[in-house]
Amino acid sequence: LFEQISHDRIIYRSSYELKFIMWLENSPKVKRWGSECICIPYLFVDGTTHKYYPDYFVEFEDGTKMVVEIKPSNQTKRPVNENCWAMKEYTKNVCKWKATMEFCEKKGYQFKVLTEKTINQL
């Protein structure tokens with residue numbers, strides 16, 4: 001499930017992710033990191049299996065290992081309108097994050113979902 005961390009394939013899809021990459025590159029706490037370098041299978045509510053590639057895997061100088069997902073805060077809360085695209089995305093995220101928490105628990109990793117409100121809290 002874990003590919004070798006390599007900086008020849010840095011992926012970011014938002015300004016929040018770019019901000020996090022800049023933090024990773026400049027933090028003395030970070031030993032190494034990779035983007036979308038872990039694949040975690042997950043079950044959607046309809047029973048279909050999918051693959052999830054969390055945004056980042058980070059290994060800190062103190063030995064802590066962490067899987068990090070970056071999302072806008074509005075995508076981390078249950079939407080008011082349950083019959084919309086946002087509800088499907090929220091449900092998909094919940095399924096992904098449940099599988100990731102189980103994966104991390106087995107590996108001894110931490111898992112964090114960071115938003116524009118929490119990205120500076122590492």
Side-chain angles (χ1 to χ4, degrees):
L1 288 174
F2 178 69
E3 298 173 14
Q4 184 173 352
I5 293 177
S6 171
H7 284 304
D8 61 340
R9 193 177 79 97
I10 297 173
I11 299 169
Y12 66 94
R13 303 176 197 281
S14 71
S15 60
Y16 302 138
E17 290 181 21
L18 180 57
K19 182 177 183 178
F20 186 68
I21 288 170
M22 299 305 290
W23 180 83
L24 290 168
E25 284 293 300
N26 292 297
S27 174
K29 298 179 192 179
V30 175
K31 181 176 181 179
R32 63 186 186 138
W33 64 275
S35 58
E36 296 187 8
C37 57
I38 296 175
C39 178
I40 300 173
Y42 73 95
L43 281 177
F44 192 60
V45 292
D46 65 3
T48 57
T49 302
H50 301 271
K51 293 179 180 179
Y52 170 47
Y53 296 87
D55 292 328
Y56 303 98
F57 177 82
V58 183
E59 184 176 346
F60 292 91
E61 289 292 343
D62 69 2
T64 302
K65 295 177 181 173
M66 183 183 297
V67 175
V68 178
E69 180 68 18
I70 310 286
K71 284 283 184 224
S73 59
N74 66 350
Q75 291 183 21
T76 64
K77 300 174 187 138
R78 185 181 188 92
V80 176
N81 181 356
E82 295 195 8
N83 296 318
C84 64
W85 172 87
M87 186 61 191
K88 183 176 180 184
E89 289 300 303
Y90 171 78
T91 303
K92 183 168 50 172
N93 286 338
V94 168
C95 293
K96 289 177 183 179
W97 298 342
K98 179 180 183 284
T100 304
M101 285 185 271
E102 291 168 359
F103 171 85
C104 286
E105 188 174 308
K106 287 178 188 172
K107 296 280 191 182
Y109 299 166
Q110 295 180 12
F111 174 54
K112 295 221 186 250
V113 177
L114 299 176
T115 70
E116 71 278 8
K117 297 176 182 177
T118 61
I119 202 164
N120 293 323
Q121 295 178 1
L122 277 182

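Each residue takes its place number in the sequence, starting with 1.
- Ring geometry for F20 against Y56 counts as tilted: the plane angle lies between 30° and 60°, on a 0 to 90° scale.
- The two residues E116 and S73 come nearest to each other via the heavy atoms OE2-OG, 2.7 Å.
- How far CE of M66 is from CG of L114: 8.0 Å, rounded to the nearest 0.5 Å.
- With rounding to the nearest 0.5 Å, the separation of CD1 in I38 from NZ in K65 is 10.0 Å.
- Looking only at side-chain heavy atoms (C-beta outward), C104 and Q110 stay at 4.5 Å or farther from each other.
- Nearest heavy-atom pair across R78 and Y90 is N-CE1, 3.4 Å.
- In this structure, OG1 in T64 is found 10.5 Å from NZ in K29, a value given to the nearest 0.5 Å.
- Between E102 and K106, none of the side-chain N atoms (NZ, or NE/NH1/NH2) sits under 4.0 Å from a carboxylate O, so this pair counts as no salt bridge.
- Counting heavy atoms from C-beta on, the side chains of Q75 and E89 never come closer than 4.5 Å.
- In plain terms, the two heavy atoms of I70 and V68 that are nearest each other are CD1-CG1, 3.8 Å.
- Annotation: the span from W97 atom CH2 to K92 atom NZ amounts to 11.5 Å, rounded to 0.5 Å.
- Residue P41 comes nearest to A99 through the heavy atom pair O-CB, 3.7 Å, listed as atom of the first residue, atom of the second, then distance.
- One hydrophobic cluster, built from ILVMFWY side chains closer than 4.5 Å, cannot hold both L43 and I40; they sit in different ones.
- With values rounded to the nearest 0.5 angstrom, I119 atom CD1 is found 13.0 Å from K112 atom NZ.
- Distance check, rounded to the nearest 0.5 Å: CD of E105 to CE of M101 gives 10.0 Å.
- Shortest non-hydrogen contact noted between I11 and I21 is O-CD1, 4.2 Å.
- Proximity of Y52 to E69: side-chain heavy atoms (C-beta onward) are separated by under 4.5 Å at one or more points.
- With hydrogens and angles ignored, the 3.5 Å screen pairs a side-chain donor or acceptor of T91 with a backbone N or O of M87.
- The shortest distance between side-chain heavy atoms of Y12 and S35 does not fall below 4.5 Å.
- Contact check for V94 versus Y42: no side-chain heavy atoms found under the 4.5 Å cut-off.
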Exercise for review: Begin with the C-alpha distance, continue with both residues' side-chain angles, and end with the deciding distance and a verdict on ring-ring contact (aromatic ring centres under 6.0 Å, His included) for F111 and F103.
Suggested key: CA-CA 9 Å; F111 174 54; F103 171 85; 9.7 Å; no
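- In this structure, H50 and F44 have perpendicular ring planes: the angle between them is above 60°, well past the 30° mark.
- The backbone N or O of L24 sits nowhere less than 3.5 Å from a side-chain atom of S27 that would complete a donor-acceptor pair.
- At least one side-chain heavy atom of N120 sits under 4.5 Å from a side-chain heavy atom of K19.
- Atom NZ of K71 is surrounded by more than 12 heavy atoms from other residues, nucleotides or ligands within 6.0 Å.
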